[in-house]
Number of protein chains: 2
Amino acid sequence: MSAFDVSRIHDLGAAIPRDLNARTSSGAPCGACPVRGLTFCAPLEERELAEVARIVKHLTIPAGQPLFDEGEPARHVFSVTEGAMKVYKLLPDGRRQVTGFLFSGDFLGLAHNESYAYSAEAMVGTSLCRFGRSELEGLLERFPQMERRLLHMASHELAVAQDQMLLLGRKTAKEKIASFLLMLSRRQELRGQSANPIALPMSRTDIGDYLGLTTETVSRTFTQLKTAGEIALLSGNRVEVADSGGLARLAEGEGL
Amino acid sequence: MSAFDVSRIHDLGAAIPRDLNARTSSGAPCGACPVRGLTFCAPLEERELAEVARIVKHLTIPAGQPLFDEGEPARHVFSVTEGAMKVYKLLPDGRRQVTGFLFSGDFLGLAHNESYAYSAEAMVGTSLCRFGRSELEGLLERFPQMERRLLHMASHELAVAQDQMLLLGRKTAKEKIASFLLMLSRRQELRGQSANPIALPMSRTDIGDYLGLTTETVSRTFTQLKTAGEIALLSGNRVEVADSGGLARLAEGEGL
DNA sequence: CTATAGCCTTGACCTATGTCAAAGCGGAGA
DNA sequence: TCTCCGCTTTGACATAGGTCAAGGCTATAG
């Protein structure tokens, strides 16, 4: 896959300008945001979006570029509008844990203290909305429904994190890979894309660091699943799932 | 340790009645809540606490008793006032991941959908405040600072969950145990207790299910740390840390 | 069209941790 | 104070997954 070809992994089509008053600082209207329904802007009315547009800055970063690093002062929060990112934590000796993959509609940068708790890096060319922390706080004060939405999103993230703990602590390599593929598939659907085939914008190393495995084990497990007829590896780092029910049973350790 | 002896693990002393108007349904005044500063009630003024007292129900459960099970309709949220609980998720074949240990001041039961995402069980006799979900929502609507506090607490939980992912995915058994002990020590301090010795109200099996290890490995690793002079195992399931700096370095994989 | 650099896959071997089994031991109740 | 019972510890052995080491593809750049 071309590292810069965003469309391969996010295919919602271009934003259709509707000539609303609300415009971001770089000119894109929030009212035309293709992923608004997924973001924390969802509960706002079009009139209120103007307030958002006033404080938002739109930015685009190329594949492989870091957005921020763990420990850096947390001055901004971000919302992914297009592309794909990974967030991760490091141990002093370089061991890495990818704590999440982010796609359009996902939120990042919320920190409970003054600095980011993890690093964030684009895996393909990625577009984001950026909010100053204090400006966002003002916004949350004015629009309580936005704060409620954010709390709801955080609760969801928490549930996802607990699932990931179960995966990391108690699942086998095969169960981890099966769970991972299903997670990506479901998220594609949530973004309005088809559940199958599944796009993998991340490397085997990234997948390993997300699942608590090595590159080699990830690769071997993909091969096993392919040999067993569970999946097919397509060109462009895509995976076709033969029987999602079977994969789901595999993911929960219920054999096949 | 006596399974019912709460004081062993939580020693803030008895609540001192201050004769405030705010009282819980079982008579205990919220104004005298010994852990109020730690809970989501913290930002409320005494006058506002009366509202909380009106909808709260105080309850006490014995060691080993479940509070709720994963998948059950999430009708209530809870705040631990005294004692210790564990929350966990199960795989169909019985494999278990303990996703957290809860002590006084901790919040549980927040669900982003209609049912609980995990099971909760008391490890020692435990007291909790219970809130009906809809009543709590009304409260959050009236007191936005409470909702902000809840968002802040959720962000903190999220950061803790990411640390736990790093632990589960990338740390060795020795690093996991060291991290675990430090976490308990710090939380004791946050609750106003001494950092050392550390009380372990949970079984070796619980610790293993929290750290992604078996009982045997947990036990062997404690023995190793004891032999290395890092810790001492005291009576009553307590652990004395010889040098917390050394343990901290161990926890991050920086040798000793 | 061809070269090239970076993934990805595969193989052989190793080890941290799991599994199975059997003693210790401490605390709750009599 | 004594007696169990359940948890913890320890030992011997097994294995999933890690490590080290070659190749093999594939997609961009020239």
Side-chain angles (χ1 to χ4, degrees), chain A residues 1-5 8-9 62-64 86 93-97 123-125 167-178 199-227 231-239 253, chain B residues 1-5 8-9 62-64 86 93-97 123-125 167-178 199-227 231-239 253:
Chain A
M1 164 186 290
S2 161
F4 289 81
D5 187 352
R8 286 259 185 90
I9 67 143
K86 64 185 174 203
D93 65 3
R95 277 174 287 170
R96 194 174 66 139
Q97 179 67 38
M123 297 189 295
V124 297
L167 178 150
L168 289 168
R170 290 305 184 208
K171 289 189 180 178
T172 66
K174 200 182 267 187
E175 290 160 5
K176 285 176 176 181
I177 296 287
L200 302 180
M202 66 292 286
S203 70
R204 295 290 186 267
T205 302
D206 288 340
I207 298 174
D209 285 347
Y210 180 63
L211 300 177
L213 299 170
T214 59
T215 308
E216 293 92 331
T217 299
V218 171
S219 181
R220 280 188 244 273
T221 308
F222 270 115
T223 303
Q224 274 179 254
L225 290 174
K226 189 176 68 180
T227 306
I231 61 172
L233 302 180
L234 310 180
S235 70
N237 266 317
R238 288 169 309 136
V239 173
Chain B
M1 166 189 285
S2 160
F4 288 81
D5 188 351
R8 287 257 185 93
I9 67 145
K86 64 186 174 203
D93 65 3
R95 277 175 286 170
R96 193 175 67 141
Q97 179 67 39
M123 297 189 296
V124 298
L167 179 150
L168 289 168
R170 289 305 183 208
K171 289 189 181 179
T172 66
K174 201 182 268 188
E175 291 161 3
K176 285 177 176 181
I177 296 287
L200 302 180
M202 66 291 285
S203 70
R204 294 291 185 265
T205 302
D206 288 340
I207 297 174
D209 284 347
Y210 181 63
L211 300 176
L213 299 170
T214 58
T215 308
E216 292 92 330
T217 298
V218 171
S219 181
R220 280 189 244 273
T221 307
F222 270 115
T223 303
Q224 276 180 253
L225 291 174
K226 188 175 69 181
T227 306
I231 61 172
L233 301 178
L234 310 180
S235 69
N237 266 316
R238 286 168 310 136
V239 173

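Protein chains get the first letters and strands the later ones, always in sequence-line order, with residue 1 at the start of each.
- Side-chain contact check for Ile177(B) versus Gln224(B): every heavy-atom pair is 4.5 Å or farther apart.
- Between the CZ atom of Arg238(B) and the C1' atom of dG27(C) there is a distance of 14 Å, rounded to whole Å.
- For the pair Asp206(B) CG and dG6(D) P, the interatomic distance rounds to 16 Å; values are reported in whole Å.
- Residues passing the side-chain hydrogen bond (donor to acceptor under 3.5 Å, both in side chains) test with Ser219(A): none are found, sequence neighbours excluded.
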Practice prompt. Do nucleotides 1-15 of chain C as a string where each nucleotide becomes B, S or -: B if the base has a protein heavy atom under 4.0 Å, S if just the sugar-phosphate does, - if no protein is that close.
Written response: -------SBBBB---

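- For the pair Glu175(B) CD and dT17(C) C1', the computed distance is 14 Å after rounding to whole Å.
- Of the candidate nucleotides dT17(C), dG17(D), dG27(C), dG27(C) has the atom lying nearest to any side-chain atom of Ser235(B).
- Looking at heavy-atom distances under 4.0 Å, Gly212(A) makes contact with sugar-phosphate atoms alone, never a base.
- Atom P of nucleotide dA16(C) and atom CG of Leu211(B) are separated by 18 Å, given to the nearest angstrom.
- Of all the heavy atoms in Lys171(A) and Arg95(B), the pair that sits closest is CA-NH1, 3.9 Å.
- The salt bridge (charged side-chain N to carboxylate O under 4.0 Å, His left out) contacts involving residues 203-223 of chain B comprise Arg170(A)-Asp209(B), Lys86(B)-Asp206(B), Arg96(B)-Asp206(B), Arg96(B)-Asp209(B), where partners must be two or more places apart or lie in separate chains.
- Inter-residue side-chain proximity for Leu168(B) and Gln97(B) is flagged as met; some heavy-atom pair is nearer than 4.5 Å.
- Within the 4.5 Å cutoff, the side chain of Leu233(A) has heavy atoms near those of the Val239(A) side chain.
- dG17(D) atom C1' lies 15 Å from atom CG of Leu167(A), rounded to whole Å.
- The distance from atom CD1 of Ile207(B) to atom P of dT8(D) is 8 Å, rounded to the nearest whole Å.
- Rounded to an integer number of Å, the gap from CG of Leu234(B) to P of dG27(C) is 12 Å.
- The distance from atom CG of Leu213(B) to atom P of dA16(D) is 18 Å, rounded to the nearest whole Å.
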